[in-house]
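Lettering of chains follows the sequences in order, A, B, ..., and the numbering in each one begins at 1. Hydrogens, waters and symmetry mates play no part in the numbers below; they use all other heavy atoms, side chains included.
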Amino acid sequence: MRISRRSFTVGLGLAALLGPVLGDLRREAHADAPKAAARRIVFFFSPNGTVHQFWRPQGDGATFTFAPGSILEPLAPIHDDVVVCDGIDFHGFDNHEPGMRGMLTGRPDGGIFGGQSVDQYIAAKIGQDSRFPSLEFGVLTSIWGAGTQTRMSYASAGKFADPEDNPTEAYKRMFADALAGSDAAAAARILSKRQSIIDLARADLSDLRARLGASERAKVDQHLDAIRSMEKGLTTGSSCATPAAPLALSPTSMADVPKIGRAQTDLLLLSLACGMTKVASIQWSHTVSPLLMSWLNLGESHHELSHKDDSNAQGVQNFVTAERWFAEQFTYLVSQMKATPDPQGGGSLLDTSLVVWVKELGDSRLHDAKSVPFVLAGGAAGALKTGRYLKFGGASHTLFLSSLCQAVGIDTSSLGGDAAGLPGLLG
Amino acid sequence: MITMNRLWATLLAGGVTIATAAGCHGGGDDGAAAKASAACPDTQSFFASEVWQGPLSTRCIGCHVAGGPAGGTRMVLSKNPADAQKNYETVAKIASLADAGGELLVAKPTAKVPHGGGAVLQEGSDGALVLAAFTDKVKGTCSSSGAATAQLNGRQIRRLTRDEYGNTVRDLLHVDGDYASKLPSDPVTGGFDNNAGALTVSTLFADKLRTNAEDIAKAVDLQTIVPCTPAAGKEADCAATFVRTFGERAFRRPLTDAEAARTMALYTQVAAGEGHEAGVRAVVNAALVSPSFLYTTELGETKDGGWDELTPWEIASELSYLFTRSMPDQALFDAARDGSLAKKDVIAAQAARLVALPSSRQAFARFVSQWLDLDKINQAVKDEKTYPNFDAALRTDLVDETVSLYDRVARDEQGSFKDLLTATSTQVTARVAQFYGLPAAPDGQLRPVADGRVGILTHGSILATQATPSSASPVRRGKLVRERFFCMPLAPPPPGVAAQLPPVDPSLPNRARFTEHSKNPACASCHKQMDPIGFGFEGFDGAGKPVANADVSGEILMTQGTDGPFHGVVDLQAKLAASAEVQECFVHQVLRFAYGIDDQGAAADAAKKIAGAFAANGTKLRALLVAFTQEDHFVKRHTDPDVGAPGPGAPPPPPPSQGPPPGSGGGGGDAGAPPPLGNDPNLVVDVKTQSQGGTAYQDDVTLTNKGTQPITWTVTLPKAGTIFNAWNTDYSESNGNFVFVGKDYDRTVSPGQTVTFGFQAK
């Protein structure tokens, strides 16, 4: 396995890698949809809410600007590609851990997708023919283990969809088959062997299940679901040449967060450009984040910075510095999508996709969930009108989640009171 | 299915927890919000399926609607299905309320507190128990029907944790390499990573497990695991032997004939294309993704009056994973094979043997690191100016000191819990010796502690973790003691509180920064449980080094029997060591770790009983660990009502070939009904029927493909009764028969393989 140890380089690589086609690119035949719909959706999470005074743009509607020094100012190059959403609240819950649980599911328990998070709900509906129904990339999400504070994605009620925190492991997962470099006959044999081994595991699980009471059967069912989800993708190829491997980085090293995040973002971009998935997410740390952003000369953890009250001007400024850095990472992701053509045509990846910056709290100091800051980016293949700053006066974020589903072409009429989505969001 | 005893015990345990935590939550809504933050993942689905379908929509809604007799109370429900979410939120809020009479949601309808409608539910009735269970869930006590639970005396499967997986791979296959860290992180429940209810397999986990298995199968040196070097033509025999002998070690029990057959089919398929060695590696690969490898089972086989007795093989795994976090060794396997491990005295002897092995240290390390939160030391940021050179090597060595103390005390037959808190000796590396100001000595040599460092709570590993980057943290140290020594978890700060500390003022003692916590009544109710304890630690700074002339006066408040002032950490530890409730809390911690279960309800009762013996026996540690192997839970579990044979008194099951029992009602089923039909002559259909009491029965069907081509199967059975539960199959009715086909994952049976499905009907 000849892997060059160069790291990904900013701005290069993606277009070049879209050259030769390896294996099948299974294109989803798009039925003539009556409405425009994004082909893919990307979630970007950063923790601990915001300080609205430094987050809110100036202006309104299509006429808005980012104030100098404000948290969103780094978004200036993508001003016309974003929708900044103010006044979307979590209804009925707040604080760190409920916020983390309810952010993508709709409520801390259950929620509007029966316990699934919106990314997994969407993946179940549009991602089933992809190599990966969804891909979850993490940046230092797991130093506290897996838990309701450190996980945002739920495959089903109470069951996490774990992110991969190690770029090298994510890379191997995406490109292992290509890296094995075998010929067609060998590849077929490997596939057949894999399938037989999976069948064996399934038979064992089936036998085990028959011996279990109701509560334990749920575990085996989840295991069976996981196998099926993994199995489907084993036969789907990639349209890309294999890129260089990322640098070897420790998934628990705070000081390396910029490098880890960049490597994970680049892999995420590749997964979209290579048609490996339609639903991807990048989760930067988690709520109550202990992240020490030493590369910004910040001496306190992100959580501590998020709790500086207005009388501590320097403290709040430090928090703004941290938040601006996340805004830069969001801008990088969106800009790269803008610079990469969609291999299926129709413009850039950004034109045909939807990117969502999510957070789990409103005001970080108060732990409340009023005006939880959401930012959208991307044309969603015509489903989203961008370049706007919208105010929703306290609407429930469940309507927002429903609109995200609509933006990717999902029928939301089964979502009860949230079926209509958030009026005015998609434009 | 909710059983009365389990719920009632849960309610009682829940009641104790509430009394302790009640002071923490300010008024009304803030309290409710803080409590709701602890609610369980299945709270809402439980509400919809049990609470609403049960007592609410049948008893309560008569009055508790707008315009009804209870229309002006706090609980106003709506019959409109579109208001389902509102109803849930209304009732969840009520569930978070309690007064002197008890928790309102149960106390009102049972008239334990004044209720306009009087006693509409009897105490202990199903409806009351459902409301009690819902109340528990809202408060975060997450034992429930439906979702995977981890209960005392419950039949369960336990997925290996990452470190157990890594140790097992190493011991089974003698391969180097860190395969464990490639798996996603384990969830932490109650402080520990091995809760059987929480450990599941996500898509990412399944994918990493698969790629690990492929890599390990490639890397393994077959000479170390294959017992035969076959001559040409004898390879299949060697493989068959390997499948059984390796399989027994990988699955930690003998393989069934069906398992051996399908594994040999895999070998044959791979060996045909790639040769014997590739076939053997495929067998290794398959074993490493099998649930029989990935989970230990605590299910039992032999029935005994409402209990299923765990097999000696299952007991061997219980012992080995508890004491070594890895698979059984040869001696344990032998004791399983000859059946002696079913006996409690043999179990105790094996436990003592395992404790004495070097490998037990990895289990002690996992326990103490999780119990005392030492895992967090690597993320404890230290300001370089305030605490220079607090590097990775020092952190590792500090944790080793604490592990060594626990290890030493646990191995010593006389070693006790009290010894942990009063230890006057330690084993450290040169790095830690220098850190503590101890004279040089060989690494790990047992020697007296430094001045003022008597007992585990003076270890740098704890003091430095429970701190901020540039100061000690009385709050964190107090919280650690409150949660890990008194088992009193604390809720997060309520919303609306601006939780910023004033900056460090070098002219004031650290404790002056925290006066708001005690002055402000909204803070005090929780913080007086932590800060006064933490102030007693002010003799140690944020790196764990001594602070001269510090005020180390502290106080324990709001406990059941350990309240009182103390002076410094050594004095605190003396009080903790002597405290019955602290000893009982420690037993709870060990129970969670040992059994992988939630320590509520019946488990709390068991812990109380074990704690009594623990205290009477001078809190000896090793005896405590062995005591856990002597409980009923370690050797048997309650029979599950919805699986397996009936208990005593129920009619015996009919012989399998006859189909459903007489009197099963519905259409067709007479004696002499035609035998079950598969849709292919090569499809062997085996039906096992069991009575479930009354007219209810269960059929377990095993299909085997005796041919050479895959079969997409259909099975037809005479209709008897109505099916109310089925698994691994989609069924329909036609011409007086049930017709079964597979789900998309078991629609087809491969040659030589089996598919199983089943159903219940009455």
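Here the closest heavy-atom approach between residue Asp640(B) and residue Gly213(A) is recorded as OD2-N, 3.5 Å. For the residue pair Pro291(B) and Ala201(A), the shortest heavy atom distance occurs at CD-O, 3.9 Å. Smallest separation of non-hydrogen atoms from Met230(A) and Ala206(B): SD-O, 3.5 Å. Looking at every heavy atom in both residues, Ser185(B) comes nearest to Arg151(A) through CB-NH2, 4.1 Å.
Counting heavy atoms from C-beta outward, Glu164(A) and Pro184(B) have side chains that stay 4.5 Å or more apart. At least one side-chain heavy atom of Ile157(B) sits less than 4.5 Å from a side-chain heavy atom of Leu208(A). Taking the side chain as every heavy atom from C-beta outward, Glu169(A) and Lys208(B) approach each other to under 4.5 Å. Between Glu300(A) and Pro469(B), the closest side-chain pair of non-hydrogen atoms is not below 4.5 Å.
Heavy atoms of Phe293(B) lying under 4.5 Å from chain A are absent altogether. For Pro163(A), the part sitting under 4.5 Å from any heavy atom of chain B is the backbone (N, CA, C, O) and nothing else. Interface residue Thr297(B): only side-chain heavy atoms are found under 4.5 Å from chain A. In this structure, chain A has heavy atoms under 4.5 Å from both the backbone and the side chain of Leu204(B). Looking at Ser156(A), there are no atoms closer than 4.5 Å to chain B (heavy atoms on both sides), in backbone or side chain. Contact annotation for Leu205(A): both backbone and side-chain heavy atoms come within less than 4.5 Å of a heavy atom of chain B. With a 4.5 Å cut-off on non-hydrogen atoms, Asp162(A) touches chain B through its backbone and its side chain both. Interface remark: Ala155(A) contributes no atoms to any contact with chain B (heavy atom separation under 4.5 Å). Using a 4.5 Å cut-off between heavy atoms, Ser290(B) contacts chain A through both its backbone and its side chain. Leu209(B) does not touch chain A: none of its heavy atoms, backbone or side chain, sits under 4.5 Å away.
Residues passing the ring-ring contact (aromatic ring centres under 6.0 Å, His included) test with His91(A), sequence neighbours excluded: none. Partners of Asp207(B) under the salt bridge (Lys or Arg N to Asp or Glu O under 4.0 Å) rule, at least two apart in sequence or in another chain, are Arg173(A), Arg210(B). Evaluation of the salt bridge (Lys or Arg N to Asp or Glu O under 4.0 Å) rule for Glu360(A) yields no partner, not counting sequence neighbours.
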Applying side-chain contact (heavy atoms from CB on, under 4.5 Å) to Trp144(A) and Lys376(B), what does each step give before you reach the verdict?
CA-CA 8 Å; Trp144(A) 292 358; Lys376(B) 296 253 174 60; 3.3 Å; yes
Begin with the C-alpha distance, continue with both residues' side-chain angles, and end with the deciding distance and a verdict on side-chain contact (heavy atoms from CB on, under 4.5 Å) for His223(A) and Leu294(B).
CA-CA 11 Å; His223(A) 193 155; Leu294(B) 185 64; 3.7 Å; yes
Could you walk me through whether Asp204(A) and Ser292(B) pass the side chain to side chain donor-acceptor pair (under 3.5 Å) check?
CA-CA 7 Å; Asp204(A) 288 353; Ser292(B) 303; 4.5 Å; no
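The distance from the CD atom of Gln222(A) to the CZ atom of Phe205(B) is 10.5 Å, given to the nearest 0.5 Å. Residue Arg159(B) holds its CZ atom at 10.5 Å from NZ of Lys219(A), rounded to the nearest 0.5 Å. Residue Ser750(B) holds its OG atom at 9.5 Å from CZ of Arg202(A), rounded to the nearest 0.5 Å. Here the straight-line distance linking atom OG of Ser196(A) with atom CD of Gln753(B) works out to 7.5 Å at 0.5 Å rounding. In this structure, CD in Glu216(A) is found 9.5 Å from OH in Tyr295(B), a value given to the nearest 0.5 Å. Here Ile197(A) contributes atom CD1 and Glu214(B) contributes atom CD; the two are 7.0 Å apart, rounded to the nearest 0.5 Å.
Here the side chain of Arg155(B) pairs a donor or acceptor atom with the backbone of Arg211(A) at under 3.5 angstrom.
For the options Thr754(B), Thr756(B), Asn378(B), heavy-atom pairs under 4.5 Å to chain A are most numerous at Thr756(B). The candidate from Ala146(A), Gly299(A), Gly138(A) with the greatest count of non-hydrogen atom pairs under 4.5 Å with chain B is Ala146(A). Interface remark: of the candidates Val289(B), Leu299(B), Asp375(B), Val188(B), Leu299(B) forms the most heavy-atom pairs closer than 4.5 Å to chain A. Note: Ser202(B) leads Ser202(B), Ser181(B), Ala286(B) in heavy-atom pairs under 4.5 Å with chain A.
Environment of NZ in Lys370(A): sparse, with no more than 12 heavy atoms of neighbouring residues, nucleotides or ligands closer than 6.0 Å.
Within residues 379-386 of chain B, the residues having any heavy atom less than 4.5 Å from a heavy atom of chain A are, in residue-number order, Gln379(B), Val381(B).
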